[in-house]
Protein chains: 4
Amino acid sequence: MAVRSEASHKAILDATMELLDPDSGEGISVQKLSIERIARVAGVSKTTIYRWWPSKVAVVIDSFVASHIARTPVRQDLPGLEALREHMGALVETYATHEGRLVSQLVAECQHDESAMNEFKERFWHNRRDAAVSIIRRAQEEGDIWSELDPVGVADLIYAPIYFRLLFQTGPLEKAWSDRVLDLALTGLTPREDA
Amino acid sequence: MAVRSEASHKAILDATMELLDPDSGEGISVQKLSIERIARVAGVSKTTIYRWWPSKVAVVIDSFVASHIARTPVRQDLPGLEALREHMGALVETYATHEGRLVSQLVAECQHDESAMNEFKERFWHNRRDAAVSIIRRAQEEGDIWSELDPVGVADLIYAPIYFRLLFQTGPLEKAWSDRVLDLALTGLTPREDA
Amino acid sequence: MAVRSEASHKAILDATMELLDPDSGEGISVQKLSIERIARVAGVSKTTIYRWWPSKVAVVIDSFVASHIARTPVRQDLPGLEALREHMGALVETYATHEGRLVSQLVAECQHDESAMNEFKERFWHNRRDAAVSIIRRAQEEGDIWSELDPVGVADLIYAPIYFRLLFQTGPLEKAWSDRVLDLALTGLTPREDA
Amino acid sequence: MAVRSEASHKAILDATMELLDPDSGEGISVQKLSIERIARVAGVSKTTIYRWWPSKVAVVIDSFVASHIARTPVRQDLPGLEALREHMGALVETYATHEGRLVSQLVAECQHDESAMNEFKERFWHNRRDAAVSIIRRAQEEGDIWSELDPVGVADLIYAPIYFRLLFQTGPLEKAWSDRVLDLALTGLTPREDA
DNA sequence: CGATAAACGAGACGGTACGTCTGGTCTTGTG
DNA sequence: CACAAGACCAGACGTACCGTCTCGTTTATCG
């Protein structure tokens, strides 16, 4: 009996992306986005949105996560360390665009909504972390990163600066910079004998 | 002529802290905080708040920054590296409390409000960064951190994981963890000969 | 779909009358009346009022016009001239009460709001004027008022003094006075031979 | 002991007229006029206005009454009836302009402010009424209006339609119309034998 | 094939807050 | 001591959304 309307579903996701996309005229922030407005643009009633999503954040995640993940793949054809460098660079360059604003606004929205945070971590963050960990593990197997280290701890150390810069806007997100971060993390901070 | 009422000023800051303080019964988030509510609790008219602060975020910053900064001082009596370790530990432990939630919510609020972000960086972040840089510089002079490195870059590397964990809630904020982060950053990720 | 709530509708009109009624404790003027206050007293949200009425004046008109009109009916059982005299007297006595203040305040409110004025004329004034014109026309048919005269012009002449006195408060609104006005209008100002 | 500043006094009256004058760019209504705004334009503090005038209406009356009265003088060189006709015509034509709006807005403002009403009647209305009565008395002496009639009652009958039309906006204010009103009042409404 | 139950659009509803405006009072210098 | 300057509390403005709640009206299965 009565089954979910695919047309409405799609209209909602499309309207959400359109509202958030600065190239579509609108380009509002996730904070300014409202269920009311999505419904209006999608030509759908509020009830329908509330029926299928618990919150605005959930709609946004549904709307863009899939496409986002696809955009920063892990390269399997390179040595682990090279793949790591490439992946960080791709991430940084992606985050330099509108998509970076979107991620930061999503994180922002989650700060006062625990279930949104869970949704976000499950749908977005775990995916990102797994990608990072898999590369790091490869680099460890290839002997470029010390194998005793916990890959998750390593991921924290080298990816955190990227998200930090995204959220605190302390400097431009560029590949040259992410390269420097990686180099610094690899060699460490202690003085070297050869210097 | 016509001079600012200190009583109102204080009432506003006090009301703000009270509303945000989970131990005072209220404990609402920065997002749920509203100028209207602050005015009501402070027994002050909205006009008075709008006259002196450009935004909710500015009020919050005024309300807690001073006390917050004082709570994580840089110890001058220890060697640089020890002071750094202590500072990171103190920061992490502070952020494990209600105050951490407050900082993360502040950062969240700034994601869709450029001028709030500027306010935040100027009043909060620069202060934090300067504290970090000064310790790092000391550790460099004492030979515990390679002197060629840019202290700001170093600060990024070792403080970013703290704020990352604060905002993404990927794990508990504990001194033991911040110690590990520091150790990892110091020795670097590359395999060591002595292992 | 989605139908107007009769309960809210009634609550709004009742609250409005109550606020304006000096016998209900409140007794504020139309000028001091505010949408906000009506909403509060009616236990209704402001949105609901704004949804159905364009302005405060419109609410007031809706609240009292019907009952007001009913209170000064045109008597069909009397000769035209007698009915006219009765009608003027009833009007004057009505306007001597709280209801007169209400009408004058309504007219006042319309002086700086064209659409309110239109609303007022359409809902209130035309009705009053039609009542007057119908009696005058009857008196003309019965030969008590010269049939060549434009009934609207006649209405202007004999009703204007009533509204004038209501608004300028130049004297008490009493039947004896309205009788004198009518007599004066009937005989005219020029000296009569028989005097 | 410091005496009233003539400069401020004049600045306030001038600013008021300027704000109300549609030819001076502003042209706002008496209702939209505010003490605050007068003070701003006059370069005077609010306190100063509140010190010398009890209300906005009082300022407006002070600002324009003198000049207004002068504009519709009673002609002494004509027979009473002619002077009456001229006076009514001049009044009507004056009220057809911006000044009419001003008078109607003043009356409006007085509807919910008793002391303003008293001020208005004393400063404005009595003056107008006296002018009317003096002409009517002259016409009575000259035998054109029945001498037994109370001149104030007569004034009510023939001037009321003018103010009525001004406030209810039931038709254009033109000399042709005021002539018709006067004629009607003179001959009366009852059928004439010569018709 | 017709009953039925869910999904749907429409949108009313009580709320909360927005940021601005004005009112009228009060306070603090300045000339 | 009149005045300017302007801070202050109070409260209304009209708008935007919130999340809940009827309403009929499709529409797709299931008996």
Side-chain angles (χ1 to χ4, degrees), chain A residues 1-9 11-12 31-40 42-52 54-56, chain B residues 1-9 11-12 31-40 42-52 54-56, chain C residues 1-9 11-12 31-40 42-52 54-56, chain D residues 1-9 11-12 31-40 42-52 54-56:
Chain A
M1 23 205 119
V3 97
R4 180 165 191 173
S5 152
E6 256 326 298
S8 294
H9 187 174
I12 290 163
Q31 275 72 17
K32 305 222 161 187
L33 188 68
S34 70
I35 299 274
E36 196 116 3
R37 201 152 167 188
I38 295 173
R40 211 181 309 136
V44 142
S45 85
K46 284 202 288 177
T47 329
T48 303
I49 301 181
Y50 280 113
R51 188 172 2 247
W52 300 106
S55 72
K56 175 174 74 174
Chain B
M1 342 168 174
V3 99
R4 180 166 192 172
S5 153
E6 258 324 300
S8 294
H9 188 172
I12 290 163
Q31 275 72 19
K32 304 222 161 185
L33 188 68
S34 71
I35 298 275
E36 196 118 1
R37 200 153 166 189
I38 296 174
R40 215 182 304 135
V44 142
S45 85
K46 283 201 288 178
T47 328
T48 303
I49 301 182
Y50 281 114
R51 188 172 5 250
W52 300 108
S55 71
K56 176 174 71 174
Chain C
M1 352 180 152
V3 99
R4 180 164 192 174
S5 153
E6 257 325 299
S8 294
H9 188 172
I12 290 163
Q31 276 72 18
K32 305 221 162 186
L33 188 68
S34 69
I35 299 273
E36 196 118 1
R37 199 152 168 191
I38 296 173
R40 214 181 306 135
V44 142
S45 84
K46 281 202 288 178
T47 326
T48 302
I49 302 182
Y50 282 114
R51 190 173 2 252
W52 301 108
S55 71
K56 176 174 72 175
Chain D
M1 348 217 133
V3 96
R4 179 165 190 173
S5 152
E6 257 324 300
S8 295
H9 188 173
I12 290 162
Q31 275 72 18
K32 305 221 162 189
L33 189 67
S34 70
I35 300 275
E36 195 115 5
R37 202 153 168 188
I38 296 173
R40 212 183 307 138
V44 141
S45 85
K46 283 201 287 177
T47 332
T48 304
I49 301 181
Y50 280 114
R51 193 175 355 251
W52 300 107
S55 71
K56 176 173 72 175

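Every heavy atom of this structure was used, including side-chain atoms; hydrogens, water molecules and symmetry mates were not. We name chains A, B, ... by the order of the sequence lines, and we start the count at 1 in each one.
Remark: C/R51 is in phosphate contact with E/dA12, judged by side-chain N or O atoms under 4.0 Å from OP1 or OP2. C/S8 has a side-chain polar atom (N or O) that falls below the 4.0 Å cut-off from OP1 or OP2 of E/dG14. Contact check, C/T48 against E/dG14: a side-chain N or O comes under 4.0 Å of OP1 or OP2.
Atom CZ of B/R40 sits about 13.5 Å away from atom OG of B/S45, to the nearest 0.5 Å.
Atom CD1 in A/I49 sits about 15 Å away from atom P in E/dG11, given to the nearest Å.
When the side chain to side chain donor-acceptor pair (under 3.5 Å) test is applied to B/S8, the partners found at least two apart in sequence or on another chain are B/S5. For C/A42, the side chain to side chain contact (heavy atoms under 4.5 Å, CB included) partners at least two apart in sequence or on another chain are C/A11, C/I12, C/A15, C/V44. Legend: residues meeting side chain to side chain donor-acceptor pair (under 3.5 Å) with D/S55, ordered by chain and number and at least two apart, are absent. Residues satisfying the side chain to side chain donor-acceptor pair (under 3.5 Å) test with D/S34, not counting sequence neighbours, are none.
Of the candidates F/dA10, F/dC3, F/dC8, F/dC3 carries the atom nearest the D/W52 side chain, counting heavy atoms from C-beta on.
Residue B/Q31 comes nearest to B/K56 through the heavy atom pair O-NZ, 3.3 Å, listed as atom of the first residue, atom of the second, then distance.
Mapped onto DNA chain E by nearest heavy atom, A/H9 and C/E6 fall at different nucleotides, with A/H9 at the one closer to the 5' end.
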Exercise. When every nucleotide of nucleotides 17-23 of chain E is labelled 5' to 3' by its protein contacts under 4.0 Å (heavy atoms), B for base, S for sugar-phosphate only, - for none, what sequence of letters results?
Worked result: SBBBBSB

